[in-house]
2 protein chains.
Amino acid sequence: MNTASERASVTRRRILDVAARQFRALGYAGVGLRGIAAEAGMKAGSLYYHFDSKEDIVAAVLEIGIDLVHDAVAEAVRSAEGTQSAEAVLRTAITRHLYAFFKWSDYTSANVRIFGQVPEGIRDANLPARRRYEKLWDEILERFQSEGLAREGIDVHATRSFLLGAMNAMPEWFDSERGDIDTLARKYADIVLHGIVEPGDERTA
Amino acid sequence: MNTASERASVTRRRILDVAARQFRALGYAGVGLRGIAAEAGMKAGSLYYHFDSKEDIVAAVLEIGIDLVHDAVAEAVRSAEGTQSAEAVLRTAITRHLYAFFKWSDYTSANVRIFGQVPEGIRDANLPARRRYEKLWDEILERFQSEGLAREGIDVHATRSFLLGAMNAMPEWFDSERGDIDTLARKYADIVLHGIVEPGDERTA
DNA sequence: GTCTATATGATGATAGAC
DNA sequence: GTCTATCATCATATAGAC
(Lines give C-alpha, C1' and ligand atoms only; values in the text may rest on other atoms or scores of the structure.)
Protein backbone atom coordinates (compact mmCIF):
# COMPACT_ATOMS: atom_id res chain seq x y z
CA MET A 1 0.00 0.00 0.00
CA ASN A 2 1.27 3.45 -0.83
CA THR A 3 0.98 6.44 1.41
CA ALA A 4 -1.94 7.96 -0.43
CA SER A 5 -4.31 5.01 -0.07
CA GLU A 6 -3.17 4.45 3.52
CA ARG A 7 -4.13 7.99 4.35
CA ALA A 8 -7.39 7.54 2.48
CA SER A 9 -8.17 4.57 4.69
CA VAL A 10 -7.47 6.54 7.83
CA THR A 11 -9.78 9.31 6.70
CA ARG A 12 -12.42 6.78 5.75
CA ARG A 13 -12.25 5.31 9.22
CA ARG A 14 -12.42 8.73 10.85
CA ILE A 15 -15.57 9.48 8.88
CA LEU A 16 -17.11 6.19 10.00
CA ASP A 17 -16.20 6.85 13.64
CA VAL A 18 -18.01 10.18 13.49
CA ALA A 19 -20.95 8.72 11.58
CA ALA A 20 -21.36 5.85 14.05
CA ARG A 21 -21.43 8.24 17.00
CA GLN A 22 -23.98 10.50 15.34
CA PHE A 23 -26.20 7.69 14.04
CA ARG A 24 -26.31 6.22 17.53
CA ALA A 25 -27.37 9.50 19.08
CA LEU A 26 -29.68 10.95 16.43
CA GLY A 27 -31.01 8.05 14.38
CA TYR A 28 -30.53 7.47 10.67
CA ALA A 29 -32.59 10.38 9.36
CA GLY A 30 -31.38 12.69 12.14
CA VAL A 31 -27.84 12.65 10.81
CA GLY A 32 -26.87 14.91 7.92
CA LEU A 33 -23.81 14.66 5.72
CA ARG A 34 -22.91 18.23 6.61
CA GLY A 35 -22.80 17.29 10.28
CA ILE A 36 -20.65 14.23 9.69
CA ALA A 37 -18.30 16.20 7.46
CA ALA A 38 -17.97 19.07 9.96
CA GLU A 39 -16.99 16.75 12.80
CA ALA A 40 -14.58 14.89 10.52
CA GLY A 41 -12.92 18.16 9.54
CA MET A 42 -14.09 18.56 5.97
CA LYS A 43 -16.97 19.76 3.79
CA ALA A 44 -19.99 17.67 2.84
CA GLY A 45 -19.00 17.32 -0.81
CA SER A 46 -15.66 15.81 0.16
CA LEU A 47 -17.36 12.79 1.69
CA TYR A 48 -18.20 11.60 -1.81
CA TYR A 49 -14.55 10.96 -2.52
CA HIS A 50 -14.64 8.25 0.18
CA PHE A 51 -18.23 7.01 -0.08
CA ASP A 52 -20.85 6.80 -2.80
CA SER A 53 -23.78 7.90 -0.67
CA LYS A 54 -25.20 8.28 2.82
CA GLU A 55 -26.52 4.72 2.49
CA ASP A 56 -23.01 3.54 1.72
CA ILE A 57 -21.79 5.10 4.97
CA VAL A 58 -24.52 3.65 7.13
CA ALA A 59 -24.08 0.20 5.57
CA ALA A 60 -20.41 0.23 6.59
CA VAL A 61 -21.29 1.34 10.14
CA LEU A 62 -23.87 -1.44 10.53
CA GLU A 63 -21.48 -4.12 9.27
CA ILE A 64 -18.61 -3.05 11.53
CA GLY A 65 -20.99 -2.88 14.48
CA ILE A 66 -21.81 -6.58 14.23
CA ASP A 67 -18.39 -7.80 13.12
CA LEU A 68 -16.58 -6.23 16.09
CA VAL A 69 -18.78 -7.87 18.70
CA HIS A 70 -18.94 -11.15 16.80
CA ASP A 71 -15.18 -11.48 16.52
CA ALA A 72 -14.66 -10.55 20.17
CA VAL A 73 -17.09 -13.24 21.38
CA ALA A 74 -16.17 -15.89 18.79
CA GLU A 75 -12.47 -15.69 19.56
CA ALA A 76 -13.07 -16.24 23.27
CA VAL A 77 -15.53 -19.05 22.69
CA ARG A 78 -13.40 -21.00 20.19
CA SER A 79 -10.34 -20.91 22.45
CA ALA A 80 -12.29 -21.97 25.55
CA GLU A 81 -14.65 -24.50 24.04
CA GLY A 82 -12.51 -27.61 24.48
CA THR A 83 -11.21 -26.90 27.95
CA GLN A 84 -13.92 -25.06 29.86
CA SER A 85 -17.40 -25.87 31.12
CA ALA A 86 -20.54 -24.63 29.37
CA GLU A 87 -21.09 -22.25 32.25
CA ALA A 88 -17.56 -20.83 32.03
CA VAL A 89 -17.93 -20.33 28.27
CA LEU A 90 -21.24 -18.51 28.74
CA ARG A 91 -19.72 -16.27 31.41
CA THR A 92 -16.81 -15.43 29.12
CA ALA A 93 -19.12 -14.74 26.18
CA ILE A 94 -21.28 -12.39 28.26
CA THR A 95 -18.20 -10.55 29.47
CA ARG A 96 -16.80 -10.22 25.96
CA HIS A 97 -20.12 -9.03 24.53
CA LEU A 98 -20.48 -6.36 27.20
CA TYR A 99 -16.86 -5.25 26.81
CA ALA A 100 -17.15 -5.06 23.03
CA PHE A 101 -20.47 -3.32 23.29
CA PHE A 102 -19.13 -0.78 25.71
CA LYS A 103 -15.76 -0.22 24.08
CA TRP A 104 -16.92 0.08 20.47
CA SER A 105 -20.34 1.06 21.62
CA ASP A 106 -20.82 3.67 18.90
CA TYR A 107 -20.79 1.10 16.11
CA THR A 108 -22.66 -1.66 17.93
CA SER A 109 -25.13 0.68 19.58
CA ALA A 110 -25.73 2.43 16.28
CA ASN A 111 -26.53 -0.95 14.75
CA VAL A 112 -29.03 -1.83 17.46
CA ARG A 113 -30.69 1.57 17.40
CA ILE A 114 -30.97 2.37 13.71
CA PHE A 115 -31.21 -1.09 12.13
CA GLY A 116 -34.97 -0.74 11.91
CA GLN A 117 -34.76 2.77 10.44
CA VAL A 118 -32.47 2.31 7.45
CA PRO A 119 -33.74 1.62 3.91
CA GLU A 120 -34.74 -1.97 3.34
CA GLY A 121 -31.81 -2.81 1.09
CA ILE A 122 -29.33 -1.76 3.76
CA ARG A 123 -31.16 -3.87 6.34
CA ASP A 124 -31.10 -6.92 4.10
CA ALA A 125 -27.38 -6.53 3.50
CA ASN A 126 -26.74 -6.56 7.24
CA LEU A 127 -28.96 -9.55 7.99
CA PRO A 128 -26.37 -12.31 7.31
CA ALA A 129 -23.96 -10.79 9.83
CA ARG A 130 -26.74 -10.60 12.40
CA ARG A 131 -27.83 -14.19 11.81
CA ARG A 132 -24.25 -15.37 12.12
CA TYR A 133 -23.91 -13.69 15.50
CA GLU A 134 -27.21 -15.10 16.75
CA LYS A 135 -26.08 -18.57 15.67
CA LEU A 136 -22.92 -18.19 17.73
CA TRP A 137 -25.03 -17.55 20.83
CA ASP A 138 -27.36 -20.43 20.06
CA GLU A 139 -24.36 -22.79 20.03
CA ILE A 140 -23.16 -21.45 23.38
CA LEU A 141 -26.60 -22.08 24.89
CA GLU A 142 -27.20 -25.45 23.21
CA ARG A 143 -24.21 -26.92 25.06
CA PHE A 144 -26.24 -26.73 28.29
CA GLN A 145 -28.87 -28.95 26.73
CA SER A 146 -26.53 -31.42 25.04
CA GLU A 147 -24.67 -31.88 28.33
CA GLY A 148 -27.88 -32.29 30.33
CA LEU A 149 -27.26 -29.20 32.43
CA ALA A 150 -30.34 -27.23 31.38
CA ARG A 151 -33.58 -27.13 33.32
CA GLU A 152 -36.42 -28.76 31.45
CA GLY A 153 -38.47 -26.54 29.18
CA ILE A 154 -35.61 -24.16 28.39
CA ASP A 155 -36.11 -22.58 24.97
CA VAL A 156 -32.77 -21.72 23.36
CA HIS A 157 -34.24 -19.20 20.94
CA ALA A 158 -36.19 -17.36 23.63
CA THR A 159 -33.22 -17.47 25.99
CA ARG A 160 -30.88 -16.02 23.37
CA SER A 161 -33.31 -13.23 22.48
CA PHE A 162 -33.86 -12.53 26.17
CA LEU A 163 -30.14 -12.38 26.92
CA LEU A 164 -29.09 -10.34 23.87
CA GLY A 165 -31.94 -7.91 24.47
CA ALA A 166 -30.86 -7.43 28.06
CA MET A 167 -27.20 -6.94 27.18
CA ASN A 168 -27.87 -4.60 24.27
CA ALA A 169 -29.87 -2.29 26.51
CA MET A 170 -26.86 -1.84 28.78
CA PRO A 171 -25.30 1.25 27.11
CA GLU A 172 -28.50 3.19 27.72
CA TRP A 173 -28.14 3.17 31.46
CA PHE A 174 -24.72 1.81 32.48
CA ASP A 175 -22.44 4.40 34.05
CA SER A 176 -18.80 3.33 33.94
CA GLU A 177 -18.03 5.80 36.74
CA ARG A 178 -20.23 3.87 39.12
CA GLY A 179 -19.53 0.27 38.11
CA ASP A 180 -17.25 -1.91 36.05
CA ILE A 181 -18.04 -4.23 33.17
CA ASP A 182 -16.66 -7.36 34.85
CA THR A 183 -18.96 -6.98 37.84
CA LEU A 184 -21.94 -6.32 35.62
CA ALA A 185 -21.11 -9.35 33.45
CA ARG A 186 -20.98 -11.53 36.56
CA LYS A 187 -24.37 -10.27 37.74
CA TYR A 188 -25.94 -10.84 34.32
CA ALA A 189 -24.43 -14.32 34.08
CA ASP A 190 -25.63 -15.15 37.60
CA ILE A 191 -29.19 -14.20 36.69
CA VAL A 192 -29.37 -16.10 33.42
CA LEU A 193 -27.63 -19.15 34.88
CA HIS A 194 -29.29 -19.42 38.28
CA GLY A 195 -32.00 -16.74 38.55
CA ILE A 196 -32.64 -14.38 41.42
CA VAL A 197 -34.37 -16.87 43.73
CA GLU A 198 -32.50 -18.91 46.32
CA PRO A 199 -33.04 -22.60 45.53
CA GLY A 200 -35.07 -24.40 48.19
CA ASP A 201 -38.68 -25.04 49.12
CA GLU A 202 -40.10 -21.70 48.02
CA ARG A 203 -41.66 -23.09 44.85
CA THR A 204 -45.15 -22.21 45.91
CA ALA A 205 -46.21 -20.04 42.98
CA MET B 1 -68.57 17.57 26.12
CA ASN B 2 -70.17 18.68 22.91
CA THR B 3 -69.92 16.85 19.63
CA ALA B 4 -67.28 19.14 18.19
CA SER B 5 -64.67 18.59 20.89
CA GLU B 6 -65.44 14.90 21.03
CA ARG B 7 -64.68 14.57 17.37
CA ALA B 8 -61.57 16.69 17.86
CA SER B 9 -60.35 14.24 20.47
CA VAL B 10 -60.94 11.30 18.19
CA THR B 11 -58.98 12.99 15.43
CA ARG B 12 -56.23 13.88 17.85
CA ARG B 13 -55.98 10.27 18.88
CA ARG B 14 -55.95 9.08 15.28
CA ILE B 15 -53.05 11.44 14.56
CA LEU B 16 -51.17 10.10 17.57
CA ASP B 17 -51.79 6.49 16.50
CA VAL B 18 -50.29 7.23 13.11
CA ALA B 19 -47.41 9.22 14.57
CA ALA B 20 -46.53 6.48 17.07
CA ARG B 21 -46.41 3.86 14.33
CA GLN B 22 -44.22 6.02 12.12
CA PHE B 23 -41.91 7.20 14.89
CA ARG B 24 -41.37 3.59 15.89
CA ALA B 25 -40.46 2.54 12.36
CA LEU B 26 -38.53 5.56 11.11
CA GLY B 27 -37.13 7.37 14.13
CA TYR B 28 -37.87 10.90 15.24
CA ALA B 29 -36.20 12.74 12.38
CA GLY B 30 -37.36 10.18 9.83
CA VAL B 31 -40.99 11.16 10.28
CA GLY B 32 -42.38 14.19 8.52
CA LEU B 33 -45.62 16.01 9.24
CA ARG B 34 -46.70 15.44 5.63
CA GLY B 35 -46.40 11.70 6.16
CA ILE B 36 -48.36 11.73 9.41
CA ALA B 37 -51.04 13.93 7.88
CA ALA B 38 -51.37 11.78 4.76
CA GLU B 39 -51.90 8.59 6.76
CA ALA B 40 -54.33 10.37 9.06
CA GLY B 41 -56.35 11.57 6.07
CA MET B 42 -55.54 15.27 6.05
CA LYS B 43 -52.99 17.84 4.93
CA ALA B 44 -49.91 18.82 6.92
CA GLY B 45 -51.19 22.27 7.80
CA SER B 46 -54.30 20.81 9.40
CA LEU B 47 -52.22 19.10 12.09
CA TYR B 48 -51.61 22.49 13.64
CA TYR B 49 -55.23 22.75 14.62
CA HIS B 50 -54.66 19.77 16.95
CA PHE B 51 -51.04 20.24 17.97
CA ASP B 52 -48.66 23.17 18.35
CA SER B 53 -45.66 21.50 16.75
CA LYS B 54 -43.96 18.24 15.84
CA GLU B 55 -42.35 18.28 19.28
CA ASP B 56 -45.81 18.55 20.82
CA ILE B 57 -46.87 15.41 18.94
CA VAL B 58 -43.83 13.36 19.91
CA ALA B 59 -44.11 14.44 23.54
CA ALA B 60 -47.66 13.08 23.65
CA VAL B 61 -46.58 9.80 22.05
CA LEU B 62 -43.74 9.33 24.55
CA GLU B 63 -45.99 10.03 27.53
CA ILE B 64 -48.73 7.67 26.40
CA GLY B 65 -46.13 4.97 25.70
CA ILE B 66 -45.02 4.87 29.32
CA ASP B 67 -48.40 5.50 30.92
CA LEU B 68 -50.09 2.59 29.14
CA VAL B 69 -47.56 0.00 30.27
CA HIS B 70 -47.25 1.53 33.73
CA ASP B 71 -50.98 1.42 34.39
CA ALA B 72 -51.27 -2.14 33.07
CA VAL B 73 -48.54 -3.43 35.38
CA ALA B 74 -49.42 -1.25 38.38
CA GLU B 75 -53.04 -2.33 38.38
CA ALA B 76 -52.10 -6.00 38.42
CA VAL B 77 -49.45 -5.54 41.09
CA ARG B 78 -51.59 -3.49 43.48
CA SER B 79 -54.45 -5.98 43.35
CA ALA B 80 -52.18 -9.00 43.89
CA GLU B 81 -49.73 -7.57 46.39
CA GLY B 82 -51.52 -8.57 49.56
CA THR B 83 -52.59 -12.04 48.55
CA GLN B 84 -49.93 -13.46 46.26
CA SER B 85 -46.29 -14.49 46.62
CA ALA B 86 -43.44 -12.33 45.38
CA GLU B 87 -42.88 -14.85 42.61
CA ALA B 88 -46.51 -14.79 41.51
CA VAL B 89 -46.51 -10.98 41.46
CA LEU B 90 -43.35 -10.92 39.35
CA ARG B 91 -44.84 -13.43 36.92
CA THR B 92 -47.99 -11.34 36.61
CA ALA B 93 -45.98 -8.15 36.11
CA ILE B 94 -43.89 -9.72 33.34
CA THR B 95 -47.02 -11.00 31.62
CA ARG B 96 -48.72 -7.62 31.84
CA HIS B 97 -45.65 -5.77 30.59
CA LEU B 98 -45.30 -8.05 27.58
CA TYR B 99 -49.02 -7.86 26.81
CA ALA B 100 -49.07 -4.08 27.06
CA PHE B 101 -45.89 -3.83 25.05
CA PHE B 102 -47.27 -6.05 22.36
CA LYS B 103 -50.78 -4.67 22.26
CA TRP B 104 -49.91 -0.98 22.29
CA SER B 105 -46.52 -1.64 20.92
CA ASP B 106 -46.48 1.38 18.64
CA TYR B 107 -46.54 3.82 21.55
CA THR B 108 -44.30 1.88 23.90
CA SER B 109 -41.89 0.76 21.19
CA ALA B 110 -41.72 4.29 19.84
CA ASN B 111 -40.79 5.47 23.31
CA VAL B 112 -37.98 2.92 23.66
CA ARG B 113 -36.65 3.56 20.18
CA ILE B 114 -36.75 7.33 19.85
CA PHE B 115 -36.36 8.51 23.44
CA GLY B 116 -32.66 9.11 22.83
CA GLN B 117 -33.31 10.96 19.57
CA VAL B 118 -35.78 13.64 20.59
CA PRO B 119 -34.79 17.17 21.63
CA GLU B 120 -33.52 17.41 25.18
CA GLY B 121 -36.55 19.27 26.51
CA ILE B 122 -38.89 16.51 25.32
CA ARG B 123 -36.66 13.88 26.93
CA ASP B 124 -36.63 15.72 30.24
CA ALA B 125 -40.41 16.01 30.21
CA ASN B 126 -40.74 12.24 29.81
CA LEU B 127 -38.20 11.35 32.50
CA PRO B 128 -40.57 11.46 35.51
CA ALA B 129 -42.90 8.93 33.86
CA ARG B 130 -39.93 6.66 33.14
CA ARG B 131 -38.57 6.93 36.67
CA ARG B 132 -41.99 6.15 38.07
CA TYR B 133 -42.19 2.97 36.01
CA GLU B 134 -38.69 1.87 37.02
CA LYS B 135 -39.60 2.43 40.66
CA LEU B 136 -42.60 0.14 40.28
CA TRP B 137 -40.31 -2.66 39.09
CA ASP B 138 -37.79 -2.01 41.85
CA GLU B 139 -40.56 -2.51 44.41
CA ILE B 140 -41.58 -5.79 42.77
CA LEU B 141 -38.00 -7.04 42.94
CA GLU B 142 -37.25 -5.72 46.42
CA ARG B 143 -39.93 -7.99 47.88
CA PHE B 144 -37.68 -10.97 47.15
CA GLN B 145 -34.98 -9.45 49.32
CA SER B 146 -37.23 -8.28 52.15
CA GLU B 147 -38.77 -11.77 52.35
CA GLY B 148 -35.38 -13.49 52.26
CA LEU B 149 -36.11 -15.26 48.99
CA ALA B 150 -33.31 -13.71 46.92
CA ARG B 151 -29.95 -15.33 46.32
CA GLU B 152 -27.13 -13.40 47.94
CA GLY B 153 -25.47 -10.71 45.85
CA ILE B 154 -28.60 -9.93 43.84
CA ASP B 155 -28.51 -6.29 42.65
CA VAL B 156 -32.04 -4.93 42.27
CA HIS B 157 -31.00 -2.09 39.97
CA ALA B 158 -28.99 -4.38 37.65
CA THR B 159 -31.76 -6.98 37.70
CA ARG B 160 -34.42 -4.43 36.79
CA SER B 161 -32.34 -3.00 33.94
CA PHE B 162 -31.56 -6.52 32.74
CA LEU B 163 -35.20 -7.58 32.79
CA LEU B 164 -36.66 -4.43 31.25
CA GLY B 165 -34.01 -4.46 28.54
CA ALA B 166 -34.83 -8.07 27.70
CA MET B 167 -38.58 -7.48 27.63
CA ASN B 168 -38.37 -4.25 25.63
CA ALA B 169 -36.42 -6.03 22.89
CA MET B 170 -39.26 -8.50 22.40
CA PRO B 171 -41.22 -6.63 19.68
CA GLU B 172 -38.17 -6.71 17.43
CA TRP B 173 -38.22 -10.47 17.02
CA PHE B 174 -41.41 -11.92 18.51
CA ASP B 175 -43.78 -13.39 15.94
CA SER B 176 -47.30 -13.73 17.29
CA GLU B 177 -48.06 -16.29 14.56
CA ARG B 178 -45.50 -18.66 16.03
CA GLY B 179 -45.97 -18.15 19.74
CA ASP B 180 -48.19 -16.57 22.35
CA ILE B 181 -47.43 -13.92 24.93
CA ASP B 182 -48.38 -16.07 27.93
CA THR B 183 -45.90 -18.77 26.99
CA LEU B 184 -43.18 -16.23 26.38
CA ALA B 185 -43.91 -14.51 29.71
CA ARG B 186 -43.58 -17.85 31.49
CA LYS B 187 -40.23 -18.56 29.83
CA TYR B 188 -38.91 -15.10 30.69
CA ALA B 189 -40.12 -15.41 34.28
CA ASP B 190 -38.56 -18.87 34.57
CA ILE B 191 -35.19 -17.54 33.47
CA VAL B 192 -35.10 -14.50 35.72
CA LEU B 193 -36.44 -16.46 38.70
CA HIS B 194 -34.50 -19.71 38.43
CA GLY B 195 -32.02 -19.41 35.54
CA ILE B 196 -31.36 -21.92 32.80
CA VAL B 197 -29.23 -24.36 34.81
CA GLU B 198 -30.74 -27.32 36.66
CA PRO B 199 -29.90 -26.95 40.37
CA GLY B 200 -27.55 -29.64 41.62
CA ASP B 201 -23.82 -30.36 41.90
CA GLU B 202 -22.78 -28.75 38.62
CA ARG B 203 -21.38 -25.61 40.24
CA THR B 204 -17.85 -26.17 39.00
CA ALA B 205 -17.33 -22.94 37.05
C1' DG C 1 -61.66 21.67 11.10
C1' DT C 2 -59.50 21.41 6.89
C1' DC C 3 -57.86 23.57 2.98
C1' DT C 4 -54.21 26.18 -0.19
C1' DA C 5 -50.33 28.91 -0.57
C1' DT C 6 -46.20 30.29 1.01
C1' DA C 7 -41.95 31.61 3.91
C1' DT C 8 -37.53 29.98 5.22
C1' DG C 9 -34.10 26.82 5.67
C1' DA C 10 -32.02 22.09 5.54
C1' DT C 11 -31.28 17.92 2.87
C1' DG C 12 -28.51 14.44 -0.48
C1' DA C 13 -26.05 14.68 -4.39
C1' DT C 14 -23.23 16.47 -8.50
C1' DA C 15 -19.76 19.26 -11.31
C1' DG C 16 -15.72 21.23 -11.84
C1' DA C 17 -11.81 24.32 -9.91
C1' DC C 18 -7.57 23.71 -7.44
C1' DG D 1 -8.39 14.87 -1.69
C1' DT D 2 -10.79 18.82 -0.62
C1' DC D 3 -12.95 22.81 -2.03
C1' DT D 4 -17.08 25.99 -3.72
C1' DA D 5 -21.28 26.43 -6.00
C1' DT D 6 -25.42 24.70 -7.20
C1' DC D 7 -29.76 21.79 -8.06
C1' DA D 8 -34.00 19.77 -6.81
C1' DT D 9 -36.41 18.27 -3.01
C1' DC D 10 -37.71 18.05 1.39
C1' DA D 11 -38.63 19.93 6.08
C1' DT D 12 -41.51 22.78 9.87
C1' DA D 13 -44.42 26.32 10.43
C1' DT D 14 -47.76 30.28 9.40
C1' DA D 15 -51.77 33.01 7.26
C1' DG D 16 -55.95 33.28 5.69
C1' DA D 17 -59.89 31.38 2.65
C1' DC D 18 -63.76 28.34 3.14
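All figures in this text were calculated on a predicted structure; none of them were measured in a lab. Chain letters run A, B, ... following the sequence lines, proteins first, then strands; residues in each count from 1.
Ring centers of B:Phe162 and A:Phe162: under 6.0 Å apart, within the cut-off.
Protein atom CZ of A:Arg12 is 17 Å distant from nucleotide atom C1' of D:dT2, rounded to whole Å. We find that CG of B:Asp56 is positioned 12 Å from P of D:dT14, with the value rounded to whole Å. Taking atom CG of residue B:Asp52 and atom C1' of nucleotide D:dT14, one finds them 13 Å apart after rounding to whole Å. The distance from atom NE2 of B:His50 to atom C1' of C:dG1 is 6 Å, rounded to the nearest whole Å. Taking atom CG of B:Leu47 as the reference point, atom C1' of C:dC3 lies 12 Å away to the nearest angstrom. We find that CG of A:Leu33 is positioned 19 Å from P of D:dA8, with the value rounded to whole Å. Distance CZ (B:Phe51) to P (D:dA13): 13 Å, rounded to an integer number of Å. Distance A:Arg34 CZ to D:dC3 P: 13 Å, rounded to the nearest Å.
The backbone N or O of A:Tyr28 lies less than 3.5 Å from a partner atom in the side chain of A:Gln117, making a donor-acceptor pair.
Distances shown here put a side-chain N or O of A:Lys54 below 4.0 Å from the OP1 or OP2 atom of C:dG12. Within the structure, every side-chain polar atom (N or O) of A:Tyr49 is placed at least 4.0 Å from both OP1 and OP2 of D:dT2. OP1 or OP2 of C:dC3 sits under 4.0 Å from a side-chain N or O of B:Ser46.
Of the candidate nucleotides D:dT4, D:dA13, C:dT2, D:dT4 has the atom nearest to the side chain of A:Lys43. In this structure, of C:dT2, C:dA13, D:dT2, it is D:dT2 that holds the atom nearest to the side chain of A:Met42.
Using a 4.0 Å cut-off between charged nitrogen and carboxylate oxygen, B:Arg21 and B:Asp106 do not count as a salt-bridge pair.
Along DNA chain C, the nucleotide nearest A:Gly30 and the nucleotide nearest A:Gly45 are compared for position; the residue whose nucleotide lies closer to the 5' end is A:Gly30.
Cation-pi geometry between A:Arg113 and A:Phe23 is not met: the NZ or CZ atom fails to fall both under 6.0 Å from the ring centre and inside 45° of the normal.
Between B:His97 and B:Tyr133, the ring planes lie parallel to each other; the angle is under 30°, not in the 30° to 60° tilted range.
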